[in-house]
Amino acid sequence: CTDSTVDPDEVRLALRRTFKKTLEFLSLGFSVHFGDLGYFNIRISSEGSDTEREATPDKIRRKRIVYYPSSFMRNGINSVIVRRFADRKK
């Protein structure tokens, strides 16, 4: 990014640490909030079980990280101009 005086390597390092901490908190069952950006949480799909004893990790089919944008981000998308790719050069 040329619009900043911050060293790109420092930005990469800060983001890498943020992602690592985000995954750490998500794995503990927390939602992770990023202010005006929104928040992340984990969604797990699994086979059904009749009893708690039958509900084991091997029944998990899919784990996903889900992003929920803040109202700021949702409202901001309304100002985005969408053009066909071929028209971008104009």
Side-chain angles (χ1 to χ4, degrees):
C1 179
T2 59
D3 297 343
S4 175
T5 59
V6 178
D7 184 308
D9 288 332
E10 291 177 357
V11 173
R12 277 189 285 279
L13 178 61
L15 287 173
R16 196 173 298 127
R17 287 181 178 171
T18 300
F19 298 154
K20 184 176 180 179
K21 279 296 186 185
T22 299
L23 289 172
E24 180 182 323
F25 281 103
L26 288 172
S27 71
L28 294 172
F30 292 100
S31 291
V32 179
H33 295 253
F34 282 95
D36 285 340
L37 181 62
Y39 70 96
F40 297 84
N41 67 19
I42 290 182
R43 181 172 297 159
I44 296 174
S45 300
S46 66
E47 294 176 29
S49 300
D50 291 328
T51 66
E52 186 176 340
R53 184 181 179 112
E54 293 174 344
T56 58
D58 61 309
K59 301 265 182 145
I60 294 173
R61 283 189 247 138
R62 184 175 184 189
K63 294 182 266 185
R64 296 178 17 185
I65 296 175
V66 182
Y67 166 64
Y68 296 94
S70 66
S71 59
F72 173 80
M73 293 295 284
R74 285 191 312 271
N75 293 335
I77 196 72
N78 293 329
S79 65
V80 172
I81 298 170
V82 179
R83 297 187 186 117
R84 287 180 18 174
F85 187 79
D87 296 340
R88 285 180 44 182
K89 294 181 182 177
K90 293 181 181 179

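Contact check for Arg17 versus Leu13: side-chain heavy atoms found under the 4.5 Å cut-off.
Nearest heavy-atom pair, Leu26 versus Ile42, reported as atom, atom and distance to 0.1 Å: O-CD1, 3.4 Å. In terms of heavy atoms, Ile44 sits closest to Lys63 at CG1-CG, 4.1 Å. The two residues Ile77 and Arg74 make their nearest non-hydrogen contact at CG2-O, 2.9 Å.
Of the options Phe25, Tyr68, Phe19, Phe40, a ring-ring contact (aromatic ring centres under 6.0 Å, His included) to Phe34 is made by Phe40 and by none of the others.
No path of Ile, Leu, Val, Met, Phe, Trp and Tyr side chains, each step under 4.5 Å between heavy atoms, connects Leu28 with Val66, placing them in separate hydrophobic clusters.
Judged by distance alone, the side chain of Tyr67 and the main-chain N or O of Leu37 form a donor-acceptor pair under 3.5 Å.
For residues 41-56, there are no salt bridge (Lys or Arg N to Asp or Glu O under 4.0 Å) pairs, not counting sequence neighbours.
Classified by interplanar angle (parallel below 30°, tilted 30° to 60°, perpendicular above 60°), the ring pair His33/Tyr39 is parallel.
Note: Ser45 OG to Arg61 CZ = 6.5 Å, rounded to the nearest 0.5 Å.
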